[in-house]
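All residue numbers refer to positions in the sequence shown, counting from 1.
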Amino acid sequence: MARPRDTTRRPNRGGDSLQETGIRVTLLGLAFLIVPSLLGGSIVMKVLAAALSLPGWFLLCAGLVVLGIVYLRKTANNTAPAARQSPAVEAWELNDREKQEFTANLRRHAQRKSAAPAEPQFSPAPRQAPDIQFGRDTEAATPRPPSEAGAWSAAMFAAIEWRRFEALCEALFAQAGFKTESQSHGADGGVDIWLYSANAVGPVAIAQCKHWTRKPVGVKDVREFFGVMASHQLKRGTYATTSSYTADAMQFAKANGINAMDGAALLKLIGTRTPEQQAALLTVAFEGDYWRPTCASCGIKTVSRKPAKGGAAFWGCNNYPRCKTTFKMTASA
């Protein structure tokens, strides 16, 4: 689900702050050494100069050391290798070192989990409190898990809500070695996931996720995403949907460096992962009340509601009437 978000990012000023500190300490040390001698040759000034001599030299040396560290950092940054770009973003693949680290982490996690009693992956929805705002008590239907809970299929995508789909895509990027950043609600400025590389400063790509089942993604949606890429001076991005793309949308994506992945392509990508990786993705997708939509404005799970005057039940934000976000209790758009 696309949700506008303010993407204004604060620059990293760690290096500048350290440099300013070095300059100030150096100037303070020089002041301790020079100022007393400029105020005259009286006994008092001589005593003051002698007292300030040792801390003056200490501050001067410390300031020069700090400035030297800042210089070495800048030199190292200027000679750092170029950031990984489109191949890793488009393929979502791990290199050998990342595969080893990820597999080791999965094994450690599996060993910790093996000691605990197994829990079913699919649990029924809990009964809701009386719907005071709408004047009628209503209960959410118990979700039906996909027929084959251990194998990825299109039914898996249909069973989860939009926020779990975004979390699934974020986990896929993390498996490919990227550091990811997202938020559960609020304005996102057309960016669902920011992608970072260890070899680059700032994001190297962005991703948009659409949890749709019937409506195809059109060229208008892809053009808007390309505009967001351009505004952040990024040449690569990934558009992921559980649905499909129109022919002109797919053509526009290929011509403008956008990796467009539909439901079939996502299932194919998940199928290339190891059994351990697929199990980890399954855990992410079906975490908690995976079927219950999340309010895009408030970031909390919606509750089952039914109008007092009758009508079809629907999902509504628990912050009603302050928030009037609703979802149909049918398949996604």
Side-chain angles (χ1 to χ4, degrees), residues 1-3 84-95 98 102 146 151-182 188 190-197 203-230 232 234-274 277-278 280-282 284-286 331-333:
M1 172 179 291
R3 296 166 284 115
R84 289 179 292 177
Q85 290 296 331
S86 57
V89 176
E90 294 184 359
W92 290 6
E93 291 298 335
L94 295 161
N95 59 39
E98 291 162 345
F102 186 82
W152 276 97
S153 64
M156 295 288 198
F157 292 146
I160 61 177
E161 51 112 6
W162 68 267
R163 184 68 187 100
R164 300 320 307 156
F165 175 64
E166 285 188 4
L168 170 65
C169 292
E170 191 171 2
L172 276 168
F173 279 117
Q175 287 183 350
F178 289 96
K179 179 182 177 182
T180 63
E181 180 182 312
S182 66
D188 63 9
V191 180
D192 287 329
I193 305 172
W194 295 87
L195 302 177
Y196 298 86
S197 170
V204 296
I206 57 176
Q208 176 68 275
C209 307
K210 292 283 190 183
H211 184 250
W212 293 351
T213 56
R214 296 186 302 273
K215 179 182 177 182
V217 177
V219 68
K220 179 178 179 293
D221 301 297
V222 182
R223 281 198 182 114
E224 290 177 354
F225 180 65
F226 180 70
V228 176
M229 289 170 50
H232 294 285
L234 296 173
K235 297 184 180 298
R236 295 291 170 181
T238 294
Y239 206 112
T241 181
T242 53
S243 179
S244 59
Y245 294 89
T246 61
D248 51 353
M250 185 63 72
Q251 183 179 4
F252 181 87
K254 290 181 179 179
N256 292 278
I258 299 175
N259 181 29
M261 302 195 72
D262 58 12
L266 287 171
L267 289 174
K268 183 178 180 180
L269 175 62
I270 293 173
T272 64
R273 299 300 195 218
T274 65
Q277 291 174 329
Q278 292 189 39
L281 295 173
L282 199 67
V284 171
F286 291 91
S332 302

*asked:* Within the structure provided, determine whether Met229 and Ile258 are in side-chain contact (heavy-atom separation under 4.5 Å).
replied: yes
_Rounded distance [0.5 Å steps], CE in Met156 versus CG in Leu282_ = 5.0 Å
*Side chains of Ile193 and Phe178: closer than 4.5 Å at any heavy-atom pair?*
no
*Can you name the nearest heavy-atom pair linking Leu234 to Pro203, along with the distance?*
CD2-O, 3.4 Å
*Kindly give the heavy-atom pair with the smallest separation between Val219 and Asp248, and that separation in Å.*
CG1-OD2, 3.5 Å
_Non-hydrogen atoms of Val222 and Ala249 that approach each other most closely_ = CG2-CB, 3.9 Å
*Got a sec, which residues hit side-chain contact (heavy atoms from CB on, under 4.5 Å) with Ala265, two or more places apart in sequence or on another chain?*
Met261, Asp262
*Between Phe165 and Cys209, which heavy-atom pair has the shortest distance, and what is it?*
CE2-CB, 3.8 Å
*State whether the side chain of Thr242 and the backbone N or O of Trp212 hold a donor-acceptor pair below 3.5 Å, judged by distance alone.*
yes
*Quick one: pull up CD in Gln277 and CG in Leu281 and give me the separation to the nearest 0.5 Å.*
7.5 Å
*asked:* Rounded at 0.5 Å granularity, tell me how far CH2 in Trp194 sits from OG1 in Thr180.
replied: 13.0 Å
_Value rounded to 0.5 Å, distance of CD in Glu170 from CD in Glu181_ = 9.0 Å
*asked:* Going by the rule side-chain contact (heavy atoms from CB on, under 4.5 Å), which residues pair with Ser244 if we only count those two or more places apart in sequence or in a different chain?
replied: Pro216
*State plainly whether the residues Glu166 and Arg163 are in salt-bridge range, i.e. N to O under 4.0 Å.*
yes
*Kindly compute the distance separating CG (Leu269) from OG1 (Thr272), expressed to the nearest 0.5 Å.*
4.5 Å
_Over all atoms of both residues, closest heavy-atom pair of Phe226 and Phe252_ = CB-CE2, 3.8 Å
*Any donor and acceptor pair, going by atom type alone, linking the side chain of His211 with main-chain N or O of Arg164 inside 3.5 Å?*
no
_Please enumerate all residues that pass side-chain contact (heavy atoms from CB on, under 4.5 Å) together with Val228, with sequence neighbours excluded._
Val191, Ile206, Ser231, His232
*Can you find a heavy atom in the side chain of Ile270 that is under 4.5 Å from one in the side chain of Gln278?*
yes
*Donor-acceptor pair, Ser243 side chain versus Lys215 backbone, under 3.5 Å?*
yes
*In Å, rounded to the nearest 0.5 Å, how long is the span from CG of Asp192 to OG1 of Thr238?*
12.0 Å
_Residues that Lys220 engages under side-chain hydrogen bond (donor to acceptor under 3.5 Å, both in side chains), provided they are two or more places apart_ = Glu224
*Could I get the full list of side-chain hydrogen bond (donor to acceptor under 3.5 Å, both in side chains) partners for Asn256, not counting sequence neighbours?*
none
*What orientation do Trp152 and Phe286 show, parallel under 30°, tilted 30 to 60°, or perpendicular over 60°?*
tilted
*What closest approach, in Å, do Gly263 and Phe157 show between heavy atoms, and which atom pair accounts for it?*
O-CE1, 3.7 Å
